[in-house]
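First comes the structure, then the notes that go with it.
Residue numbers start from 1 in every chain, and the chains themselves are labelled A, B, ... in the order their sequence lines are given, proteins ahead of strands.
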Amino acid sequence: PLSLSLYSPWKMNLASLSASLDAVASSGFVLSAEQRSCLRTSLVSLQNAEKFVSVRLWGKIIGTTHDYFIAQGVGQDSFNDVKSFYSLDCITWAQLPISHPLLAATCARIKSRFTGDPATESVVTEPGPAESEARPDVPPEVARLRSEKTNDDNTVTVTTTLTEDRRLAEAVAAIDHDVCVVPRGAFKMTPNNRVEQSKTFSGLGSFDAGQIENYFHFRKPEVLPNKPAAERVKLDPTLEFLDSLADDVPTQSWSAQLERGEVAILRSLVWPGGVVFHVPSTRLFGNVYVGLGTKNDDLAFML
Amino acid sequence: PLSLSLYSPWKMNLASLSASLDAVASSGFVLSAEQRSCLRTSLVSLQNAEKFVSVRLWGKIIGTTHDYFIAQGVGQDSFNDVKSFYSLDCITWAQLPISHPLLAATCARIKSRFTGDPATESVVTEPGPAESEARPDVPPEVARLRSEKTNDDNTVTVTTTLTEDRRLAEAVAAIDHDVCVVPRGAFKMTPNNRVEQSKTFSGLGSFDAGQIENYFHFRKPEVLPNKPAAERVKLDPTLEFLDSLADDVPTQSWSAQLERGEVAILRSLVWPGGVVFHVPSTRLFGNVYVGLGTKNDDLAFML
Amino acid sequence: NDFIQDKEAVAEKAKLAQTQSQLFKKQQLDDDDEAEQPVPDVMTLARHFEDAGVGVGQEETFRISLALRQLAEAKPLKSVRFWGKLFGLRKNYIVAEAEYREGEEPQPEDEEEPAPSETPEQTEEESDDPTANVPKSQYKPLPPLPVEEYGSGVNKKVYFVCHEPGEEWVGLPNAKPAAIVVARQIKKFLTGDLSAPVVSFPPFPGNEADYVRAQIARITATTTISPAGLYTFDEEDDEEEERDTFIEDEEYEGKSKAELLDPSLAGWAHHSSYILPQGRCKWLNPAPPKEDEDEDDEDDEDEDEEEEVEPETGPPLLSPLQNDEPVDNQPAWSARLTSETSPNYAAVVVSSNLWPGAHAIALQEGKQFANIYIGWGHKAQAQPYSPPLPPAPQQEFPNSEEITEAADPTREEEIAYEEAMKEAEEDAEQEEEDDDDDDDE
Amino acid sequence: NDFIQDKEAVAEKAKLAQTQSQLFKKQQLDDDDEAEQPVPDVMTLARHFEDAGVGVGQEETFRISLALRQLAEAKPLKSVRFWGKLFGLRKNYIVAEAEYREGEEPQPEDEEEPAPSETPEQTEEESDDPTANVPKSQYKPLPPLPVEEYGSGVNKKVYFVCHEPGEEWVGLPNAKPAAIVVARQIKKFLTGDLSAPVVSFPPFPGNEADYVRAQIARITATTTISPAGLYTFDEEDDEEEERDTFIEDEEYEGKSKAELLDPSLAGWAHHSSYILPQGRCKWLNPAPPKEDEDEDDEDDEDEDEEEEVEPETGPPLLSPLQNDEPVDNQPAWSARLTSETSPNYAAVVVSSNLWPGAHAIALQEGKQFANIYIGWGHKAQAQPYSPPLPPAPQQEFPNSEEITEAADPTREEEIAYEEAMKEAEEDAEQEEEDDDDDDDE
């Protein structure tokens, strides 16, 4: 999740929004004065209404008729307790459904543009598991969207009908998985296994800030547990408990630049429009997304 | 000194400038995109040329034909090693002379507007010490500006000729003395008597941020040493080693508002245009001055 | 610790967000692009002011622009503009200047009501305090000068204030001549509470609402300016003295930036009427001759003050700025470009040195212009303020020989008198003697 | 630790500041306010783009505006505009689009030089490697299509790039038809190094400078748009086919926002010429008939490829957008207002769905407009990219009976043949017998 963080990183307050916007402007993410005004006002209301510890701007997904602004509210546990919201006007916010792996896989097949109308429906037909196979436990709100059909040759076809907000939820989750990134040392693992923001983090050095191995995916680690034990023991368990960007597959998933010598910008090549920034020697870092919400499947050909 | 500080407070970097400008805009301090661009570029050059640890924007003094932008460069010791610079175009910077108490007293008598031309001369005639009295040790560059004349009745008249940049230096020093303010806890006194920024400072609470007794003058304490010992022992020597704004004379020298419930703004009534800000629960604080550079001597009548 | 108080601050922030969120409503695009909008393009003007280093920040400006529209929709207003911002000790004022649509002006009675505290002396007189039985002063103050009605003079326009955009706009009372006269003699910080008393000497006739309104009137009169030639007087209106309306000059051809920048300020003209010393724009004889009384009596009594009152005069509307008095040996106005690196796309900004914080910009060869004030509402002064001395005690009787006590004679006079008396005595004796002599003779 | 490397970063920052500080020089106000400026009012346009959520930030934009002016002063340019920004893996490109002043265009020779790597095969042929003596291919490739000269077609304007405003502007080579044709078939990230090779299949004829230039040409041709009716063709120029210049239509009366917003996009027109499949705007027969050779021979040889080539055609300049092909079942363009809360002061922004990152705005009833591109330089595609398959092997000889090897007979054919032969033999024997019989008879 997240974005636009700061001294008390990951809180979007009066100060952090401007500072963060300054950092990501060069990547083409700008907000109008109107949008900034609206966001500041409506996100305070959202935080208050939902009793979040903090709210943050995630970015926007560009539709053909309207754009979806995405924000996230964070509860007591900044690692696990995150809810996503979308808004078409930066004023009223609606919660996005919770991502589900089955739908994630289905949505990854949709390559058409988002329209900006949450009611737009997409229909995806895909091969399902053989009739004999066990069905995974699917919650009713997901099962409701899917209909299985056994064909004449005994194969199964699954047809899923998705509204655009559902698809949006999966896109946000997928982008978060790959693009929500924090610098080394910004978060620590406490002895009782909680992920907490480090109070002593004072930023990476100018050189380190431009190296992708100093950034970690802010998600449950997936690569780390599968690393050889010999490698794992070398890691500092309080600081290096997350997947490093250096272990990303494909390997060249990021472009890193130290722009103007003053701000490190990591641009995702897998999700064009995903931007991670960090101002060296400060506590300021964050990430933001502005793009079409579709994955770049052609990376192998493009380097 | 100072201003526009941040997570590593008192450094004006990419992020802190925007955040700070956001906080002081409601007090009428705004910069054009042109000025921001120029400042960011020229202050980096200034820092590099003079080998400062950090540079910061102090504010501006409005002249009748041009405005003086003031910046400060800070060396290793942020409490004592501060130099002030002025610029008319936000690009080229010239160092201001060092303030001297004799000239400070003389400049306090000048009530005319700054013109914006550093070469403009002001001539002040004031009574000097009797001929029999000892002369203070005056450095030659100050003595050069003053000429004494013994009148027929044996009184002494001192005539001082000041260029505007000299007067500017005294105004900046005088404003700094009264308006350079930091929140409680942002700086600490180390065991070896050095003033250092606190790494654990996480900002004042929303309520405390609006109370002037939680702010201290960032200067050599003047009021504190004269307090009764019984009061002094109650203070925490590592945190409360500076003069509190609550001890200011006159007592009502400040207007404090928690604007929009999100940023504490302290406006100096003695130096109209002096603004201190602090975003509660963050490390962001600072102060800035935008005004005519003249003191308000009428406070007693105005409340 | 201050947990509860912090909670209150957070709740206040949330409440303000709730209030402000009502501002952000979508508006339909007018079918006719040319349709007259009641609120100008605040954001574009603010951007030019920002280029000049003047403003309150883009986000606050945006909220203000929506609040102005809200005001224009709530009241029958023809036009609303962002007049400026006044800082106060505890709250600040956002000020909107507006004009009512024709025929929908408020009734004059409505306007008089909100100033009940204007003559606090009267309430004291009627109270039951024990001093009520002491002999009452025979002094009858002159009736206060009538307030100029909405639409003319200092009350040509109406002003609304709020503390934060989105909060309710409060209409200010009409500016009163007496308030303006006293406001000129005092220098007070605003508190941010319109109902707060204004404790001052001389006593201010009214509360903070009147003081705010008086300061707005003074600032507006002095610092509202427009490019010279953009407006002209309607030829049909030929009363030279009292012209306080003007129309756009269709023949205005625009002024080059060089003309608008000229240090003589001949390119700019006053856009608001001058306020006379008596606190009105249109002069009114404070004590019109009462024809039904004995003329001789009056001649004697009013000699010093009111007889043959010379009407106060000031520069007419649309006078050029170049005649403005210098401020402390500095020009009254400073003109600059908003950019030195891109002057060809810059606007001209003119700043008042008399009321620091008052600025005007001109765009598009002066065809577009705007004024703004951001500050504490205080006039610049080089000398420290000193309150006016109490007036000299009033003369109870006209100075005439019959009631004048004679001066005590000095010793010399006494000696001279005594000598004169003695001489006279001697002369008398001599005469007596002479008489006696005569008798003898 | 990385102290030295950090120092380097700081030094780089200081060096850039030093470079950029040369941009910030004061400019004199032109005496004539109306004087034609070579660089448009970038800041004002950028603010409107920013309202639409498009841009690179005010401060970078300001530096770019100064860098454009620097470019206009350094070269004999009539006009320069901020074309956009292309992201690269290690550096980004700021792109300026310019036109030379009349009579000061660069000589065509100058332009041809910077592309020596165009035909790398030739250098290989001349090298001393051991394969030099193997039999050489008799295949002569068609000569590459001539590059359109500066001032026409895809090279109507010239483009300059830099990584950071203030750094030196580098002129890009003219766009080459072959480069455009290949660029359409590949999808590569830019590295930020103009001299980097472009490793791709099909092989790209040139280095990154040519690839950047080709992408700019493609983006410009497709996404540069202006309000319909603002420009028109000069009536005197009546060659319908090849019109690639236009003039401002003095009779343009402006379009309402509603017209510019209309989802049909009939309010907008293409402002740049369409690029034909061959990579040029003006069609050229790639193999013009060679009249001095034997016509019959040619007829035979060129039959499949070049004979009677149908000229490629595309929509003419200033065609309305409504005829643009949909992109993946979505309209090719999306139009919106930059503000929903203040639509009356908003601009109209039109965004390309084919080249995400390309936008146009219209102000003042369409009398002012601007185009910008900010992105990676990639066309949108719903389907994953798959590189083109290698072409089918070339036919070495025309297919004629005399050189065609006969098919081996199948078993059935052999049997049939054998049977036929056997039968014939039998018949012959029979006849012989018959002859014998005849003789007997």
Side-chain angles (χ1 to χ4, degrees), chain B residues 21-35 37-38 60 62-67 88-89 91 110-113 115-116 204-211 252 254-262 265 267 269 272-273 280-281 290-292 294 296-303, chain C residues 1-16 49-60 85 87-92 164 186-189 192 200 327-331 334 336 338-342 351 353 356-357 374-376 378 380-387:
Chain B
L21 284 176
D22 244 33
V24 296
S26 73
S27 302
F29 186 80
V30 296
L31 295 178
S32 67
E34 171 169 341
Q35 287 163 344
S37 289
C38 292
K60 71 174 177 181
I62 298 167
T64 50
T65 55
H66 290 98
D67 299 340
L88 293 166
D89 55 6
I91 298 159
I110 312 177
K111 294 292 171 191
S112 64
R113 286 283 299 274
T115 64
L204 299 173
S206 292
F207 178 79
D208 283 344
Q211 310 298 316
Q252 284 182 290
W254 294 91
S255 140
Q257 298 186 22
L258 186 64
E259 292 196 352
R260 299 176 49 72
E262 63 180 2
I265 298 283
R267 293 193 183 88
L269 306 181
S281 307
V290 50
L292 308 184
T294 47
N296 175 16
D297 296 318
D298 307 327
L299 188 57
F301 300 109
M302 294 171 72
L303 291 165
Chain C
N1 57 18
D2 305 303
F3 184 68
I4 293 168
Q5 286 156 320
D6 282 358
K7 280 244 166 185
E8 278 170 16
V10 170
E12 200 182 315
K13 183 176 167 181
K15 196 180 143 209
L16 181 62
F49 274 123
E50 187 179 284
D51 284 346
V54 173
V56 293
Q58 287 187 16
E59 289 176 39
E60 182 166 330
K85 181 172 181 174
F87 299 120
L89 295 178
R90 283 178 289 280
K91 296 266 193 183
N92 309 320
E164 287 282 352
I186 63 176
K187 186 178 178 189
K188 297 287 289 181
F189 278 117
S200 68
V327 180
D328 183 36
N329 300 320
Q330 299 274 1
S334 299
R336 348 183 167 183
T338 55
S339 167
E340 290 195 281
T341 58
S342 311
S351 307
N353 291 329
I374 298 167
W376 290 94
H378 296 143
Q381 50 183 27
Q383 296 313 315
Y385 170 78
S386 57

C:R336 versus chain B, the contacting section by heavy-atom distance below 4.5 Å: side chain
Side chain from CB out, backbone as N, CA, C, O: work out which of these in C:K85 comes under 4.5 Å of a heavy atom of chain B, or both, or neither. side chain
Atom group of B:L292 that falls short of 4.5 Å from chain C, counting heavy atoms: side chain
Between C:Q330 and chain B, with a heavy-atom cut-off of 4.5 Å, which part of the residue counts as in contact: side chain, backbone, both or neither? side chain
At a heavy-atom distance under 4.5 Å, which candidate from B:G261, B:G273, B:G291, B:A25 has the highest pair count against chain C? B:A25
Within the structure provided, determine whether C:F87 and B:I265 are in side-chain contact (heavy-atom separation under 4.5 Å). no
Which region of B:A209, side chain (C-beta onward) or backbone (N, CA, C, O), has a non-hydrogen atom less than 4.5 Å from a non-hydrogen atom of chain C, or is it both or neither? neither
Heavy-atom closest pair (B:L269 atom, B:Q252 atom, distance to 0.1 Å) is CD1-O, 3.4 Å
Do B:L258 and B:F207 have side chains that approach each other closer than 4.5 Å (heavy atoms only, starting at C-beta)? no
Name all residues meeting the side-chain contact (heavy atoms from CB on, under 4.5 Å) criterion together with B:S37; count only those two or more places apart in sequence or in a different chain, and write none if there are none. D:F24, D:E59, D:F62, D:R63
Does a side-chain heavy-atom distance below 4.5 Å link C:H378 with B:D298? no
Proximal component of B:T65, with respect to chain C [non-hydrogen, under 4.5 Å]: backbone
For the residue pair B:Q257 and C:G88, what are the closest heavy atoms and their distance? NE2-O, 3.0 Å
Mind ranking C:G55, C:S334, C:A11, C:G57 by heavy-atom pairs under 4.5 Å with chain B and telling me who comes out on top? C:G55
Sort C:L16 into side chain, backbone, both or neither according to what part of it lies under 4.5 angstrom from a heavy atom of chain B. side chain
Answer with side chain, backbone, both or neither: which region of B:N296 has an atom nearer than 4.5 Å to a non-hydrogen atom of chain C? side chain
For B:G28 and C:I374, the nearest pair of non-hydrogen atoms, with its separation, is CA-CG2, 4.2 Å
Partners of B:S112 by side-chain contact (heavy atoms from CB on, under 4.5 Å), sequence neighbours excluded? B:I110, B:R167, C:D328
For chain C, which candidate among B:C38, B:S27, B:P272 shows the most heavy-atom pairs at distances under 4.5 Å? B:S27
Ranked by heavy-atom pairs below 4.5 Å to chain C, first place among B:S26, B:A256, B:S255 goes to B:S26
Run the salt-bridge test on C:E60 and B:R260 with the 4.0 Å N-O cut-off and return the result as yes or no. no
When C:T338, C:V327, C:N92, C:T341 are compared by non-hydrogen pairs under 4.5 Å with chain B, the top option: C:N92
